[in-house]
Amino acid sequence: MATSHSLSGFVHNSPEGVIVEVEGSDTALDAFLTDVIMYLPPLADIADYSYSEVDARGDREFRIIASNTDGARSVHITPDTATCDECLRELFDPNNRRYRYPFINCTNCGPRLTIINGIPYDRVNTSLDCFPLCPECRGEYENPLDRRFHAEPNACPRCGPHLRLVDGAGTTIPSNDPALTAVDMLQHGNILAIKGLGGFHLAVDAANDTAVANLRFRKFREEKPLAIMVRDLHDAEQIAEINDAEKELLTSSQRPIVLLRAKKATFLSSSIAPGMNTLGIMLPYTPLHHLLMEKHFRALVMTSANQTDEPICIGNREALSRLDGIADFFLIHDRDILVRCDDSIAMTINNSQSMIRRARGFAPKPIALNEPYPSVMALGPQLKATVCIVKNNYAFLSPHIGDMATPEARDFHDETIGIMKNIAECAPTVIACDLHPDYYTTRIAHTMKEVDVLPIQHHHAHIVSCMAEHRLSGEVIGLAMDGTGYGTDGRIWGGEFLITDLVSSRRVGSLASILLPGSEKAIMEPWRIAASLLKKAYDDTWIDMASRLKLGSSEKEYAIIDNVINHRFNSPETSSLGRLFDGVAALLGLRHKVSFEGQAAMELEALVTTVSSDILPFDINHDENMMILNLFPAIRTIVEKKLAGRPREELAAAFHITLAIALSTMAQHMRDRTGLNRIALSGGCFQNRILAEGCIKKLTQAGFDVYTHRLIPANDGGIALGQAVSAAARIKYGKTEPELHNS
Ligand code: ZN
Ligand code: ZN
Ligand code: FE
């Protein structure tokens, strides 16, 4: 660009970022400054810039000066990026030397995070280190005008990695074009394990009912929706309704799985996403995907290759052993994946991006904070865990790790701590964790040596995570609507109204509590929650109501639940909104039991197709310093209307709109008390599009400045960010006393 503006001077990387010195006419300098900011290369991002005048040096040409690698670096590792259009053209050009080469990439695309094992990001610190560049590739790599200048993963069929197809025993299946042979196998209904960017996928033809059923059976995945890959936007539109914001997300260089409204009666197997009105769809993002999808399939199931609750497989041998008995064949290669990174999942809420799972394509791009902070590492919660390091003005949030239920997931968490320290080039001595004493992540925080541990309350962390991504400081109204989290009073919270700043949080309201008969068991058996709702709403006559609603399967079941609740046997109290959703879904006869957490609530949302104006009654009780939102009047109305034969679609819609109005009413009471007008929405319930959009609308109408998540998930995947930023703010402002009182 400097050359095209006839400027001389130089550019180089320094510890503080890029330094450019240019010399020329005033007009050329002005034009250059505008253009350099306007026309960024696809992966570039200017966090901040400044300029000043210096004496002219009389340079004649513009030069790129080699970087000095001493000292601290502020150049960040970038996320993996989908194959760019130029590389795609070469991939399918029979005259190109990389024709059908599955590892084609350039400075604008290809693997990044997933191939690094050290800093700085140079070829020697990547898994390409064992592939010496051939003269042609080296020429591209060293030529500043080539689009592969310093493309660290640069490779070609002569010098780079290769594909191989093997059977379950690891024996190579001879083939001139393993990708084409794999296509043939998929067309014959086989299950293939395919090595991707951040891990293996299990793939089957999405139109083949038997193949999909086989995959579900072998993976022990009864009903949880399966993600699919289609060739392009046009094909995606054959199976889903896609608005402009969703199109942008689907075709972005991050290529997340996007949750889209499914069209009815398509060619897809009916067991892709049973009971859901959405489909998780992604477009090809590696050259190999393009080779597989090219005119062969209308859709492939591409689900993470793992057993339930275990991390995604990355190694060839690991895949062969862990996927033994699941995959029929393995399409592998010799470019090692060094960092596990699942597919990201996103949707749009109010035409704006909303992350469900933040991983490939997004991590480890740091989140810019409102001001510099001391270094802190946060270990995340128990479910949907991530690790986050705050350093100076940035928060480095790891890719999605998952639920800490299995030893494999715990190893992955440990592995991620090392990777994030490496990426942030920082080993903090302050560790933030959840307040829950029994979370795995809390326990390991306390076993770490020579560190200070700062526990942060779960819902406070949720709200701070939302504040952090909007660079907010000062007090805000926080609505944390969630599954469950440990409260400062030792109870299970989950529908909380908070007055929060980065350092501390006051709970000024909550949902009326409900009992969970059988505790954890109630999560998988929502009818238990429905029974508990009925008992609270109808007292002695609840069993009669339950049998009229056909809630349980026998009188005996009701008697057991009645007894369990009367004696409060293993029936904790919770203010969780997520559990209330489960209970209402069961009341409407949606689900007696579920096969994954939140399934009933998702199906309740799926019933809502029209905007309701049917507002159900609710109460707000002012109890001491707390406001309690009591939705039992609404629940009684739902039960009575259901028994009167009203369709459940209508009742589901009424429940959603009532919630949005109730939350907005609570927020207005909070504003009256505090004068605060900024409101942050966080917690897993805001992944419910109907609820989130309803709340945003009602709150905006009431004049609030509403902040919702965009870059990080509203669910527990964002907790580590909130923990890290809150802990860092506490240290910065000298307020490190524990958060253990309920004010
Ligand atoms: Zn490219
Ligand atoms: Zn080469
Ligand atoms: Fe949560």
Side-chain angles (χ1 to χ4, degrees), residues 349 381 383-384 457-463 466 477-487 491-498 507-516 522-523 526 528-530 532-533 536-537 572-588 590 594 597-605 608 616 618-621 626-635 638 652 654-667 670 679-696 698-699 708-709 713-716 718-719:
I349 286 179
L383 303 175
K384 302 188 175 72
Q457 199 277 324
H458 190 89
H459 302 98
H460 181 204
H462 266 306
I463 300 303
C466 185
I477 296 173
L479 265 50
M481 298 295 141
D482 202 15
T484 54
Y486 193 85
R491 291 172 191 235
I492 308 171
W493 293 6
E496 309 309 318
F497 300 84
L498 309 171
R507 187 195 199 202
V508 298
S510 83
L511 285 191
S513 62
I514 56 175
L515 292 177
L516 299 178
I523 296 174
R528 289 168 172 267
I529 302 173
S532 149
L533 296 179
K536 187 155 170 179
E573 227 180 336
T574 180
S575 49
S576 164
L577 180 60
R579 296 291 87 86
L580 187 69
F581 259 98
D582 289 345
V584 170
L587 282 178
L588 291 182
L590 271 177
V594 294
E597 188 183 350
Q599 187 180 15
M602 285 164 80
E603 291 185 0
L604 184 66
E605 181 193 352
V608 185
L616 309 172
F618 59 88
D619 287 335
I620 294 173
N621 311 325
M626 284 277 285
M627 291 185 293
I628 304 293
L629 172 57
N630 179 8
L631 290 160
F632 277 90
I635 288 165
I638 288 174
F655 180 65
H656 278 81
I657 191 66
T658 302
L659 256 180
I661 289 169
L663 296 184
S664 163
T665 310
M666 286 289 281
M670 291 165 84
I679 184 162
L681 309 182
S682 189
C685 293
F686 286 114
Q687 277 172 205
N688 177 321
R689 190 200 307 257
I690 310 286
L691 178 65
E693 290 182 349
C695 282
I696 294 167
K698 294 294 166 197
L699 291 166
T708 56
H709 287 287
N715 63 40
D716 283 8
I719 286 286

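Only this structure's heavy atoms are used, side chains among them; waters, hydrogens and symmetry mates stay out.
Nearest approach of Ile690 to Asn688, heavy atoms of both residues: N-OD1, 3.0 Å. For Ala537 against Phe632, the heavy-atom pair with the smallest separation is CB-CD2, 4.0 Å. Closest heavy-atom contact between His709 and Ser682: NE2-OG, 2.7 Å. Between Val594 and Ala600, the shortest heavy-atom distance links the atoms CG1-N, 3.7 Å. Heavy atoms only, all atoms of each residue included: Ala680 and Ile463 are closest at O-CD1, 3.7 Å. Heavy-atom minimum distance, Ala662 versus Phe618: CA-CZ, 3.6 Å.
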Does the side-chain contact (heavy atoms from CB on, under 4.5 Å) test come out yes or no for His459 and Ser575, once each step is laid out? CA-CA 12 Å; His459 302 98; Ser575 49; over 6 Å; no

Please step through side-chain contact (heavy atoms from CB on, under 4.5 Å) for the pair Lys698 and Ile657, ending with a clear verdict. CA-CA 10 Å; Lys698 294 294 166 197; Ile657 191 66; 4.0 Å; yes

Criterion side-chain contact (heavy atoms from CB on, under 4.5 Å) on Leu699 and Leu681, from CA distance to verdict: CA-CA 11 Å; Leu699 291 166; Leu681 309 182; 3.9 Å; yes

Take Leu663 and Leu629, measure what side-chain contact (heavy atoms from CB on, under 4.5 Å) needs, and give me the verdict at the end. CA-CA 8 Å; Leu663 296 184; Leu629 172 57; 4.2 Å; yes

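The closest donor-acceptor contact from the side chain of Asp619 to the backbone of Asn621 lies at 3.5 Å or more, if one exists at all.
Remark: Arg528 CZ to Asp582 CG distance equals 13.5 Å, nearest 0.5 Å. Put simply, CD1 on Ile514 and CD on Glu573 are 10.0 Å apart, with the number rounded to the nearest 0.5 Å. Between the CG atom of Leu511 and the CD atom of Glu496 there is a distance of 7.0 Å, given to the nearest 0.5 Å. Taking CD1 of Ile679 as the start and SG of Cys466 as the end, the distance is 10.0 Å to the nearest 0.5 Å.
Considering only residues two or more places apart in sequence or on other chains, Glu693 meets the salt bridge (Lys or Arg N to Asp or Glu O under 4.0 Å) condition with none of them. For Asp716, the side-chain hydrogen bond (donor to acceptor under 3.5 Å, both in side chains) partners two or more places apart in sequence, or in a different chain, are His458, His462. Checked against ring-ring contact (aromatic ring centres under 6.0 Å, His included), Phe581 has the following partners two or more places apart in sequence or in another chain: Phe655, His656. With sequence neighbours left out, the side-chain contact (heavy atoms from CB on, under 4.5 Å) criterion links Cys685 to Met481, Leu577, Leu691. The side-chain contact (heavy atoms from CB on, under 4.5 Å) search around Ala652 returns Leu588, Leu604, Leu607, Val608, not counting sequence neighbours. Taking the side-chain contact (heavy atoms from CB on, under 4.5 Å) definition, one finds that Ser532 meets it with Leu515, Pro517, Ile565, sequence neighbours left out. Residues satisfying the side-chain hydrogen bond (donor to acceptor under 3.5 Å, both in side chains) test with Thr658, not counting sequence neighbours, are none. Checked against side-chain contact (heavy atoms from CB on, under 4.5 Å), Ser576 has the following partners two or more places apart in sequence or in another chain: Thr484, Thr574, Arg579. For the side-chain hydrogen bond (donor to acceptor under 3.5 Å, both in side chains) test, no residue two or more places apart in sequence or in another chain qualifies with Glu605. Qualifying side-chain hydrogen bond (donor to acceptor under 3.5 Å, both in side chains) partners for Ser664, counting only residues two or more places apart in sequence or in other chains: Gln668.
Put simply, the side chain of Met627 does not reach to within 4.5 Å of the side chain of Phe497, judged on heavy atoms. Looking at Thr708 and Ile349, their side chains never come closer than 4.5 Å, going by heavy atoms from C-beta outward. Counting heavy atoms from C-beta on, the side chains of Leu580 and Leu533 come closer than 4.5 Å.
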